[in-house]
J.: 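I am attaching a structure below and will ask some questions about it afterwards.
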Amino acid sequence: MKVSIIGGGAWGTTLAQLLKDNNHEVLIYEINENYVNEINNNHIHPIFKNKLNEMITATSNLEDVINYSNIYMLAVPTKVVRDVLISMNKFINSKSIFINVSKGIEPNTLKRVSEIVVDEINQNNLEGFVCLTGPSHAEEVIERQITLLVSASENEELALMVQNMFANQTYMRIYTSNDLIGSEVGGAVKNAIAVISGATTGLGLGENARAAVITRGILEVVKVVELMGGRRETAFGLTGIGDLIVTASSENSRNFQGGKKIGEGMTQEEIYAHSTQTIEGFRTIYALNNLSEKHNIELPMINDAHEILEGKLTVKAALEKLLKRELKSEDF
Ligand SMILES: NC(=O)c1ccc[n+]([C@@H]2O[C@H](COP(=O)([O-])OP(=O)(O)OC[C@H]3O[C@@H](n4cnc5c(N)ncnc54)[C@H](O)[C@@H]3O)[C@@H](O)[C@H]2O)c1
């Protein structure tokens, strides 16, 4: 099959290589000319050390990528997804399938990526949507290390199609799920919890604090999944707790790293001044704080993380505040 990949950063390029390994054809759309040149001329990506498959090519011409196939894999930061879809819609003129691998919720609308696709793509050209998500560091998948993901869709046939396209018998196993909402939401919320986990490390705390953040964090993931219409059990699978573990316990995670710098006393602005790479967790914290205010539901760690990002609370003060909360039972 032919796949148009929208976004040639760490994850888009890694999945391009997986698709090539599985004998599919790919063309990457990327706005960073340096990435395009390195992929086309030297078969490398500046983010990674290893050589890429020489058949992987990239372009900064959106129309060419749209005309290349009718399967579009979205791998851009969620903050640009709506604008990118608006641009794509101008060139799409036949039934198309969208596979999203980006993880986030739009702060002002509280919409998931599948809902943004419905907003922006002409309905006559929209065949269906699949979210491919789960515990995955690009740095490991690019080295073909064993990884398990979930292909989630309300359309079973499409979930199966994506499962078969991405799975192989050497390093990638894919499960299907019909809980699109739960899968999309779990993948987004875990980034917010990973920022908090990183912040405790940045403050100098150890693994006890990290385990506490991850465990109490999954309760906030469950709350949001249920609030947004997903199934509770989904939060306890690969797309919820699985992705939370890999992101919130690893120095490889950009969200963990971003949180760590916050814990060390840096601001968001200072962090972005040093790196252009996507830290979805910051934006997701704003989205979830808006959600919690809209529904008048407490998300204790996420609400405090929002105050920290706004400069209204330090990480140390937030932890002291959590410790002073009324004592209660853990019985669920
Ligand atoms: N890196 C991972 O391990 C990983 C794993 C799973 C999911 N994800 C998700 O995938 C998404 C992308 O993450 P990433 O790690 O690849 O980020 P990245 O920053 O490495 O790559 C994003 C790419 O999008 C490009 N881009 C930005 N604006 C664009 C625009 N308007 N049009 C076209 N391209 C544009 C950037 O130039 C960049 O190359 C995020 O939502 C992230 O949460 C990442």
Side-chain angles (χ1 to χ4, degrees), residues 4-18 27-39 45-48 58-66 72-88 91 99-106 112-114 116 120 131-143 145 147-152 166 172 174 183-195 238-239 242-244 246-248 250-258 271-272 274-285 287:
S4 302
I5 297 182
I6 314 297
W11 198 218
T13 305
T14 297
L15 292 176
Q17 177 172 275
L18 168 63
L27 179 62
I28 297 173
Y29 168 67
E30 171 55 52
I31 54 169
N32 182 327
E33 292 287 351
N34 178 38
Y35 288 1
V36 172
N37 291 336
E38 289 292 343
I39 293 170
H45 193 291
I47 296 177
F48 303 118
T59 173
S60 52
N61 184 321
L62 183 59
E63 191 173 1
D64 285 354
V65 174
I66 298 302
Y72 303 120
M73 192 188 87
L74 301 172
V76 289
T78 52
K79 69 169 187 250
V80 303
V81 158
R82 191 178 286 278
D83 286 346
V84 169
L85 287 166
I86 291 170
S87 305
M88 290 173 69
F91 300 119
I99 304 170
N100 176 54
V101 300
S102 302
K103 295 173 177 174
I105 295 169
E106 199 169 47
R112 294 169 281 109
V113 174
S114 57
I116 303 174
E120 302 302 344
C131 170
L132 182 67
T133 180
S136 44
H137 289 311
E139 293 78 0
E140 292 181 15
V141 179
I142 198 85
E143 289 179 359
Q145 294 192 31
T147 303
L148 275 59
L149 297 177
V150 173
S151 160
F166 286 80
M172 183 59 70
I174 312 276
S183 303
E184 283 188 284
V185 174
V189 184
K190 61 88 193 183
N191 282 335
I193 306 296
V195 168
L238 288 166
T239 64
D243 210 355
L244 179 62
V246 85
T247 316
S250 163
E251 300 267 343
N252 267 339
S253 149
R254 289 188 206 155
N255 292 286
F256 182 95
Q257 280 295 337
I271 295 168
Y272 279 124
H274 290 97
S275 168
T276 54
Q277 288 199 321
T278 312
I279 303 175
E280 292 280 11
F282 290 163
R283 193 165 177 268
T284 306
I285 287 170

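Each ligand, and each atom within it, is numbered from 1 in the order the structure gives. The first residue of the sequence shown is numbered 1, and numbering continues consecutively from there.
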J.: So, Glu33 and Ser60: side-chain donor and acceptor under 3.5 Å apart, yes or no?
T.: yes

J.: Give yes if a backbone or side-chain nitrogen or oxygen of Glu139 is under 3.5 Å from a nitrogen or oxygen of ligand 1, and no if not.
T.: no

J.: Please work out which of Ser87, Ser136, Gly104, Gly281 has its closest non-hydrogen atom nearest to atom 5 (C) of ligand 1.
T.: Ser136

J.: How far is atom 8 (N) of ligand 1 from its nearest protein heavy atom, and which residue and atom name does that atom have?
T.: Trp11 CD1, 3.4 Å

J.: Thr78 versus ligand 1: do any nitrogen or oxygen atoms come within less than 3.5 Å of each other?
T.: no

J.: Look at atom 28 (N) of ligand 1 and find which of Thr247, Val76, Ile31, Ile28 reaches it with the closest heavy atom.
T.: Ile31

J.: Tell me: protein heavy atom nearest atom 33 (C) of ligand 1, and distance?
T.: Tyr29 CE2, 3.5 Å

J.: Give a yes or no answer on whether the side chain of Ser102 reaches the backbone of Val76 with a donor-acceptor pair at less than 3.5 Å.
T.: yes

J.: Angle between ring planes, Phe282 versus Tyr272, binned at 30° and 60°: parallel, tilted or perpendicular?
T.: perpendicular

J.: My understanding is that only one of Val80, Val101, Val113 makes a side chain to side chain contact (heavy atoms under 4.5 Å, CB included) with Leu74; could you say which?
T.: Val113

J.: Check for me whether Val141 has a heavy atom closer than 4.0 Å to any atom of ligand 1.
T.: no

J.: Taking Ile142's backbone N and O only, do any of them form a donor-acceptor pair with Gln17's side chain (distance below 3.5 Å, no angle check)?
T.: yes

J.: Please compare Pro77, Gly12, Ala188 and report which has the shortest non-hydrogen distance to atom 22 (C) of ligand 1.
T.: Pro77

J.: Quick one: does Lys103's side chain have a donor or acceptor within less than 3.5 Å of a partner on Thr78's backbone?
T.: no

J.: Identify the protein heavy atom lying closest to atom 20 (O) of ligand 1, giving its residue, its atom name and the separation to 0.1 Å.
T.: Ala10 N, 2.9 Å

J.: Polar-atom distance check: Glu280 versus ligand 1, any N or O pair below 3.5 Å?
T.: yes

J.: To the closest 0.5 Å, what do you measure between CG (Leu149) and CG (Leu15)?
T.: 7.5 Å

J.: Which bit of Ile47 is near ligand 1, meaning a heavy atom under 4.0 Å away: side chain, backbone, both or neither?
T.: side chain

J.: What protein heavy atom sits nearest atom 3 (O) of ligand 1, and how far away is it?
T.: Ala138 N, 2.7 Å

J.: Run the side chain to side chain contact (heavy atoms under 4.5 Å, CB included) check on His45 and Ile39 step by step: do they pass?
T.: CA-CA 6 Å; His45 193 291; Ile39 293 170; 4.0 Å; yes

J.: Just to be sure I read this right, does ligand 1 sit under 4.0 Å from the backbone of Lys103, its side chain, both, or neither, counting only heavy atoms?
T.: both

J.: Identify the protein heavy atom lying closest to atom 36 (C) of ligand 1, giving its residue, its atom name and the separation to 0.1 Å.
T.: Glu30 OE2, 3.5 Å

J.: Answer yes or no: is there a donor N or O on one side and an acceptor on the other, between the side chain of Ser275 and the main chain of Ile271, under 3.5 Å?
T.: no

J.: Which residue owns the protein heavy atom closest to atom 15 (O) of ligand 1, what's the atom, and how far is it?
T.: Arg254 NH1, 3.0 Å

J.: With side chain to side chain contact (heavy atoms under 4.5 Å, CB included) as the criterion, how do Lys79 and Glu280 come out once you've worked through the C-alpha distance, each side chain's angles and the decisive distance to 0.1 Å?
T.: CA-CA 8 Å; Lys79 69 169 187 250; Glu280 292 280 11; 6.0 Å; no

